2 protein chains.
Amino acid sequence: MSQTIEDICNKKGVKLTDQRKVIAKVLSESKEVYGESDHPDVDELYQRVSKLDSKISIATIYRTVKLFEESGILTKHDFKGGKARYETLVESHHDHLIDIKTGEIIEFVDEEIEKLQKRVAEKYGYKLVDHKLELYGIKKK
Amino acid sequence: MSQTIEDICNKKGVKLTDQRKVIAKVLSESKEVYGESDHPDVDELYQRVSKLDSKISIATIYRTVKLFEESGILTKHDFKGGKARYETLVESHHDHLIDIKTGEIIEFVDEEIEKLQKRVAEKYGYKLVDHKLELYGIKKK
DNA sequence: CTACGTGCAAACCGTTTGCGAGTCC
DNA sequence: GGACTCGCAAACGGTTTGCACGTAG
């Protein structure tokens, strides 16, 4: 049922080169290997990819990541700290709760907030096409 | 009642040099001159400042903007597009609705969303210390 | 004299790009 | 052959920083 990155590439006519296959593999393994809330930046991806094929350049990572983003495989996040971070797109949309101490990320969905956002946009005469909600918190002991 | 940027600097022990006074002036005039939803980036600030004193370097703008941010005078936003944009801190918190066509920014507050955010954080055992909500929309005709 | 602020230019860092070489059809 | 992809190194753009020179106390 769930389609692989390779499936999506085929469907969209994106050529699957060896390098892209390696990157796709790293991406699809991300969540399993590195935890559910894995949001690697390009540098991290580069390092993970390098273990499988040390010949792949960081420029290719950048190009592929952009390509995958345009194909709807990845989403890009500009969290605090300059570096863009990526995650594989899942069918269900979610927002992020970020631990300001550890950087740990928790994904969540809140239907009520979603609805309210739409309503706010409409109140100002806009059609909501996208949104970003980030909560920053400290873990209670 | 409302304190000026200079007041805040005095209170915090931030030395008010000539350059900083000019930058403070530009900032406090921002909303009046350029509209309520003025969120200039460093480059824009530099240009506005240059009109008053062309000797002030862009490095000083960067340093002052960072200083003011730390003093709670400005807030920094990392909207889409690489450049950081700033706005003078107002007592009432608000979020942003951004027109993806024109870049126009509408500020809004929604108490209900605020409350829900707090609740979500708590659900995961976190104390909410900050948040960012950006809505991206298209104007309806 | 000491501490700090500034202007300038160089460095920095994440990201993009031009180019020559390679690959697939 | 033509279109595309890659690795490399250079370029880019926003931001920071080292340094020499003020300037204030």
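These numbers were taken from a predicted model, which means no experiment stands behind them. Computed over heavy atoms, backbone and side chain alike; hydrogens, waters and symmetry mates excluded. Numbered from 1 within each chain, the chains take letters A, B, ... in sequence-line order.
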*Measure the shortest side-chain to side-chain distance between B/Arg20 and B/Val14 over non-hydrogen atoms and say whether it is less than 4.5 angstrom.*
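A side-chain contact under 4.5 Å exists here.
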*Looking at side-chain heavy atoms only, is the closest gap between B/Tyr46 and B/Ile23 below 4.5 Å?*
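With C-beta onward as the side chain, the pair stays apart.
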Starting at [atom1] of [X] and ending at [atom2] of [N], how long is that distance when rounded to a whole Å?
{"X": "B/Lys83", "N": "D/dG13", "atom1": "NZ", "atom2": "P", "answer": "10 Å"}
{"X": "A/Ile61", "N": "D/dC6", "atom1": "CD1", "atom2": "P", "answer": "10 Å"}
{"X": "B/Gln19", "N": "C/dC4", "atom1": "CD", "atom2": "C1'", "answer": "12 Å"}
{"X": "B/Asp78", "N": "C/dC13", "atom1": "CG", "atom2": "P", "answer": "18 Å"}
{"X": "B/Glu70", "N": "D/dT16", "atom1": "CD", "atom2": "P", "answer": "10 Å"}
{"X": "A/Lys21", "N": "D/dC6", "atom1": "NZ", "atom2": "P", "answer": "12 Å"}
{"X": "B/Leu16", "N": "C/dT6", "atom1": "CG", "atom2": "C1'", "answer": "15 Å"}
{"X": "A/Ile23", "N": "D/dT5", "atom1": "CD1", "atom2": "P", "answer": "13 Å"}

*side-chain contact (heavy atoms from CB on, under 4.5 Å) against B/Asp43, all qualifying residues, sequence neighbours excluded*: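 side-chain contact (heavy atoms from CB on, under 4.5 Å) check on B/Asp43 returns B/Asp41, B/Gln47, B/Ile58, B/Lys83.
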*asked:* Could you work out, with side-chain contact (heavy atoms from CB on, under 4.5 Å) as the rule, every residue matching B/Val22, not counting sequence neighbours?
replied: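 For B/Val22 the side-chain contact (heavy atoms from CB on, under 4.5 Å) partners, ignoring immediate neighbours, are B/Val49, B/Leu52, B/Ile56.
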*asked:* Just to be sure I understand the rule, does B/Ile56 reach a base, reach only the sugar-phosphate, or reach nothing, if contact means heavy atoms closer than 4.0 Å?
replied: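 Since only primed, P, OP1 and OP2 atoms lie under 4.0 Å of B/Ile56, the category is sugar-phosphate.
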*In degrees rounded to 10°, what angle is found between the helical axes fit to the five outermost pairs at each end of the helix from C/dC1-D/dG25 to C/dC25-D/dG1?*
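Axis angle across the helix from C/dC1-D/dG25 to C/dC25-D/dG1, nearest 10°: 10°.
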*asked:* With a 4.0 Å limit, can you tell me whether B/Thr17 has a side-chain N or O closer than that to the phosphate oxygens OP1/OP2 of C/dT6?
replied: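 Indeed, a polar side-chain atom of B/Thr17 lies that close.
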_Intermediate values then yes/no, side-chain contact (heavy atoms from CB on, under 4.5 Å), A/Leu27 and A/Ile5_ = CA-CA 9 Å; A/Leu27 286 171; A/Ile5 294 180; 3.9 Å; yes
*Per-nucleotide protein contact string for nucleotides 17-25 of chain D, where B marks a base within reach and S marks sugar-phosphate only (heavy atoms under 4.0 Å, - for neither)*: BB-------
_Between A/Ile58 and B/Lys76, which residue's closest nucleotide on DNA chain D lies nearer the 5′ terminus?_
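It is A/Ile58 whose nearest nucleotide is closer to the 5' end.
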*May I ask you to list the residues of residues 43-54 of chain B, by number, that have any heavy atom positioned under 4.0 Å from an atom of DNA chain D?*
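Output list: empty, so none.
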*Hey, can you tell me if B/His96 and B/His94 have their rings parallel, tilted or perpendicular (30° and 60° cut-offs)?*
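Because their plane-to-plane angle is over 60°, the rings of B/His96 and B/His94 count as perpendicular.
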Side-chain donor-acceptor pairs of residues 114-124 of chain A under 3.5 Å, sequence neighbours excluded:
unit_1: A/Glu114; atom_1: OE2; unit_2: A/His93; atom_2: NE2; d: 3.0
unit_1: A/Gln117; atom_1: OE1; unit_2: A/His131; atom_2: ND1; d: 3.2
unit_1: A/Gln117; atom_1: OE1; unit_2: A/His131; atom_2: NE2; d: 3.4

